[in-house]
Colleague: 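Dropping the structure in here first, questions after.
Letters go in sequence order (proteins before strands), and every chain restarts at 1. Computation of the quantities below employed the complete heavy-atom set of this structure, encompassing side-chain atoms and omitting hydrogens, waters and symmetry-equivalent molecules.
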Amino acid sequence: MSKQATRDAYGLALVELGKENENVVVLDADLSKSTKTCNFKEAYPERFFNMGIAEQNLLGTAAGLAASGKIPFASSFAVFAVGRAYDQIRNSIAYPKLNVKIAATHAGITVGEDGGSHQMIEDIALMRALPNMTVIVPADGVETRAAILAAAEYKGPVYIRLGRSKVETIFDENYKFRLGKGVVVKEGTDVTLVACGIMVEVAMRAAEMLAEDNISAAVVNISTIKPIDTALISKMAEQTGAVVTCEEHNIIGGLASAVAEVLVEKCPVPMERVGVEDKFGQSGQPDELLKAYGLTAENIAEKAKAAIGRKA
Amino acid sequence: MDEHAIKELKEMAKIIRRDIVEMIGEAKSGHPGGSLSAADIVTYLYFSEMNIDPLEPKWKERDRFVLSKGHAAPVLYAALAHRGFFPKESLYTLRKIGSNLQGHPDMNKVPGVDMSTGSLGTGISAAVGMALAGKLDKANYRVFALLGDGELQEGQVWEAAMAAAHYKLDNLIAFVDNNGLQIDGNVEDVMSPAPIGAKFEAFGWFVQEIDGHDFNAIAEAMKAAKAQKERPSVIVAHTVKGKGVSFMENQASWHGSAPSAEQVAIAKEELK
């Protein structure tokens, strides 16, 4: 398997989009080399706007561009794009349902050495609670490219959560991304591991570990967290009778909450959560942090067994 | 401007002021003070300046207006209604459940509203985005924005001001409705944004200071602003909060409270 950071795939997809659609414009807040919007800047300098270190105006300006028929992709680190400019996203983008794509990189604890101040762990929660907002967390570079192209096609606000670190490429070039649809990455009968983002690959490894213990785990990639694929999640819950959610996000408000909402209404089964357990991140190497915060295949496998143990 | 044109604008501003008082009275809530202070500026824009078509509110080449001080929605609604964007009768649905006329402007509900606003400081950024789009499209439209003086306390305004100058947005003309009052009292006492003109100048804008109730002054300032090349313009309009209604003038308490039926009657009499 090859490796690619989702932000790198984003940068390449933007250039592709820019060629196809001249209404696509890109804005950044002095992080274009990190968010990879620099690729677009190089290809289409007249459609790239550096807004400086001013995220509120970044998102507000994107809203104005969208109100004038442009398809703006606004980028910064997730902690700034969402945290600093929440009000602008809420009132200038989501409320008027403007066609702005917020592509936020450096989400989660795999930001690494920059530490807790820069590790956004509550962005899915904040974006998911906004009416009119679509939330996508791609699992790898292939899905990122597809999601970016789909987001540009879709008319309305979209939040796309991207990462800093390189991740294993799971999907091949034939992968079809459908907005709002989850994907069964691996079939199984005893438990369903519902994952998003970088945790899809970790969940796949957990499924392999569980197989060694004769436990058949299904792995589902829920890359569109909103609108969530209610049909697939309830079907898999019914089929396996237990669910574990896996995300690089606070266990409050993100994928876990979204899945729990589905289960409680459609198919209540035992569910366990793997994620950041309501605490801030810290400096360290991404791999060290994933281990320290329990975002590991071992922990997922353990939680899977716990969920199975709670079956009636 | 010729006297006849000014007389007509004055008459329209009076009608709009009457509507503002009446609709807020009917809604039993709203923001009369800052709507009345901005009435002449908004009247000028909608009845003498802006290139718009009520039959085609989303016309691509139209001039845009962003009411960054979104709480002054009544003045915008009244102007739009009289300009033919929607029936005047609906003005009395302001703030009522099911109405298109929300407490703060909603671009998806009201024909002619170019941007949803209400959270202070956000409108001017949207105006920057619209002006940038105009530049990209080599379009001839202008973007007008109206800010409150209290609103200048929002940091976002200055982020937007920096960006507008940086991108040389000479198609952007902002007004500051400098009525000197905000909810908690005098703007100077709460958190002074002074000197307003010098600040915008330092940010790279072309600055003019005028009497915001003098149509001749507005027209002159507009002419100079439109002649600017490669920099945005701001017109700091000195205004009176509650202008036109004696008991509301210069009273911070009329920022966000509605007049009673008796007070509406008195105000309408004064605005005859």
Side-chain angles (χ1 to χ4, degrees), chain A residues 18 21-30 40 44-74 76 80 84-102 130-132 155-157, chain B residues 57-66 68 70 102 104-110 113-139 141-143 145 154-169 171-172 203:
Chain A
N21 191 335
E22 63 175 22
N23 278 325
V24 170
V25 297
V26 176
L27 302 92
D28 205 302
D30 193 41
F40 187 93
Y44 307 101
E46 71 290 350
R47 283 189 270 151
F48 175 85
F49 302 103
N50 203 327
M51 302 311 289
I53 311 165
E55 294 78 13
Q56 303 178 37
N57 188 51
L58 168 83
L59 275 306
T61 300
L65 282 157
S68 311
K70 301 297 170 195
I71 306 172
F73 278 75
S76 181
F80 308 129
R84 193 60 165 265
Y86 179 76
D87 175 62
Q88 288 70 22
I89 295 175
R90 183 191 191 279
N91 283 311
S92 295
I93 296 172
Y95 179 57
K97 208 178 178 190
L98 284 168
N99 198 20
V100 176
K101 319 303 169 188
I102 306 154
L130 276 179
N132 293 339
K155 207 167 173 336
Chain B
K58 302 265 180 207
W59 173 43
K60 271 198 146 186
E61 290 296 313
R62 74 189 186 280
D63 287 334
R64 273 84 168 157
F65 175 70
V66 179
S68 204
Q102 296 291 298
H104 296 80
D106 183 333
M107 65 187 289
N108 294 318
K109 291 199 163 120
V110 188
V113 169
D114 292 313
M115 182 65 202
S116 299
T117 51
S119 175
L120 293 175
T122 59
I124 185 66
S125 289
V128 166
M130 291 173 184
L132 266 183
K135 288 284 175 195
L136 263 180
D137 292 340
K138 299 187 171 53
Y141 67 76
R142 285 195 171 80
V143 182
E154 290 281 5
Q156 185 180 358
V157 170
W158 302 103
E159 290 186 4
M162 203 176 345
H166 182 84
Y167 284 108
K168 303 184 168 62
L169 301 179
N171 53 349
L172 173 63
F203 273 76

Colleague: Might you confirm whether atom CD of B:E61 has over 12 heavy atoms from other residues, nucleotides or ligands at distances under 6.0 Å?
Modeller: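 Correct, the count exceeds 12.
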
Colleague: Quick check for you: to the nearest 0.5 Å, what is the distance between B:D137 atom CG and A:N23 atom CG?
Modeller: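 Taking CG in B:D137 and CG in A:N23, the distance rounds to 7.5 Å.
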
Colleague: Are any side-chain N or O atoms of A:N57 and backbone N or O atoms of B:Q156, one a donor and one an acceptor, separated by less than 3.5 Å?
Modeller: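 Looks like no, no N/O pair under 3.5 Å.
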
Colleague: Is the shortest heavy-atom distance from the side chain of B:S119 to the side chain of A:Y95 under 4.5 Å?
Modeller: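 No. Closest side-chain heavy atoms not under 4.5 Å.
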
Colleague: How far apart are the closest heavy atoms of B:M130 and A:G64, and which atoms are they?
Modeller: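 Heavy-atom minimum between the residues: CG-O, 3.5 Å.
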
Colleague: Quick one: pull up CD in B:E154 and CG in A:D87 and give me the separation to the nearest 0.5 Å.
Modeller: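 Reported value, rounded in 0.5 Å steps: 7.5 Å.
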
Colleague: Could you tell me the separation between the CE atom of A:M51 and the NE2 atom of B:H166, rounded to the nearest 0.5 Å?
Modeller: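 Rounded to the nearest 0.5 Å, the CE-NE2 separation comes to 8.5 Å.
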
Colleague: Sort B:L132 into side chain, backbone, both or neither according to what part of it lies under 4.5 angstrom from a heavy atom of chain A.
Modeller: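 Both backbone and side chain.
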
Colleague: Looking only at heavy atoms and a cut-off of under 4.5 Å, which of A:P72, A:S92, A:A67, A:A63 has the most pairs with chain B?
Modeller: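 Max contact count across the listed options: A:S92.
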
Colleague: Count the heavy atoms of every other residue, nucleotide or ligand shown that sit under 6.0 Å from NZ of B:K168, and state whether that count exceeds 12.
Modeller: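 Count not over threshold, so no.
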
Colleague: Between B:A160 and chain A, with a heavy-atom cut-off of 4.5 Å, which part of the residue counts as in contact: side chain, backbone, both or neither?
Modeller: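 Contact with chain A is through both the backbone and side chain of B:A160.
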
Colleague: Should A:F49 and B:L136 count as side-chain neighbours, where that means a heavy-atom distance under 4.5 Å?
Modeller: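 Yes, their side chains come closer than 4.5 Å.
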
Colleague: Just one of B:D106, B:V113, B:N108 clears the side chain to side chain contact (heavy atoms under 4.5 Å, CB included) bar with A:P96, so which one?
Modeller: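 With A:P96 as partner, side chain to side chain contact (heavy atoms under 4.5 Å, CB included) holds for just one option, B:N108.
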
Colleague: Nearest 0.5 Å please: distance from the CD1 atom of A:I93 over to the OG atom of B:S116.
Modeller: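 Going from the CD1 atom of A:I93 to the OG atom of B:S116 covers 12.0 Å.
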
Colleague: Under 4.5 Å heavy-atom distance to chain B, tell me which part of A:E22 shows up: side chain, backbone, both or neither.
Modeller: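 Neither part.
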
Colleague: Report the distance from atom CG of A:L98 to atom CE of B:M115, rounding to the nearest 0.5 Å.
Modeller: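 If I round to the nearest 0.5 Å, the distance is 5.0 Å.
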
